[in-house]
Amino acid sequence: MLQRDYILELIAQFAESVRDSLKLASQKKDLTACEDVERQIGELLELDYRTALQLAPDSLVTMMVLSGMGDAVASYVCFALRRLSEIYAEAGNEDLAHIRRAQAMAVTESFNCSVEDVPEEFADLG
């Protein structure tokens, strides 16, 4: 029960931070907000974000599995990566857009969530 409460609290904090940063990145075209989202993903997985998000898609999934929280956070990470991919594509950074899209797809396939799913906490970001 205590572990479940801890994970739910981590997810709530992650969702709040990521939602705010994604709004800023999307509405204001502020790419430093994208880095904030990436930082939050790294922290959720207890990894340095620069290292975590440089990983090949399958390696990122492996790190999620090793974190012990992969199943609990997969839909949130997938959504964040997918939105980052869209924001980077809109900004003309196709390399980062491709990497984030591939990472989102790997999370989707490995944790059986849909890349189109929008977690309730992100409903306003669709």
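Numbers here are sequence positions counted from 1.
With hydrogens and angles ignored, the 3.5 Å screen pairs no side-chain donor or acceptor of Ser59 with any backbone N or O of Leu55. A side-chain donor-acceptor contact under 3.5 Å links Ser17 to the backbone of Gln13. Thr62 places a side-chain N or O within 3.5 Å of a backbone atom of Asp58 that can act as its donor or acceptor partner. Not one N or O on the side chain of Arg101 forms a donor-acceptor pair closer than 3.5 Å with the backbone of Arg82.
Remark: Arg39 engages Asp36 in a salt bridge, criterion side-chain N to carboxylate O under 4.0 Å. At a threshold of 4.0 Å, the pair Glu38-Arg50 does not count as salt-bridged, since none of the basic side-chain nitrogens sits closer than that to a carboxylate oxygen. The residues Arg83 and Glu86 are annotated as salt-bridged, a charged nitrogen and a carboxylate oxygen being separated by less than 4.0 angstrom.
Judged by distance alone, the side chains of Tyr88 and Glu94 never bring a donor and an acceptor atom under 3.5 Å apart.
In this structure the side chain of Ser67 never reaches within 4.5 angstrom of the side chain of Glu46, judged on heavy atoms. With a 4.5 Å cut-off on side-chain heavy atoms, Glu43 and Tyr49 do not count as touching. With contacts defined as side-chain heavy-atom distances shorter than 4.5 Å, the pair Lys29/Ile87 does not qualify.
What you find for Ala52 and Gly42 is that their closest heavy atoms are CB-CA, 4.5 Å.
Ring geometry for Phe79 versus Phe122: interplanar angle under 30°, hence parallel rather than tilted (30 to 60°).
Atoms SG and CZ, from Cys78 and Arg100 in turn, are 13.5 Å apart once rounded to the nearest 0.5 Å. Atom CE in Met69 sits 6.5 Å away from atom CG in Leu45 (nearest 0.5 Å).
Of the listed residues (Val18, Asp20, Leu53), just one forms a side-chain contact (heavy atoms from CB on, under 4.5 Å) with Val37, and that residue is Val18.
Leu8 and Met64 end up in different hydrophobic clusters when Ile, Leu, Val, Met, Phe, Trp and Tyr side chains are linked at under 4.5 Å.
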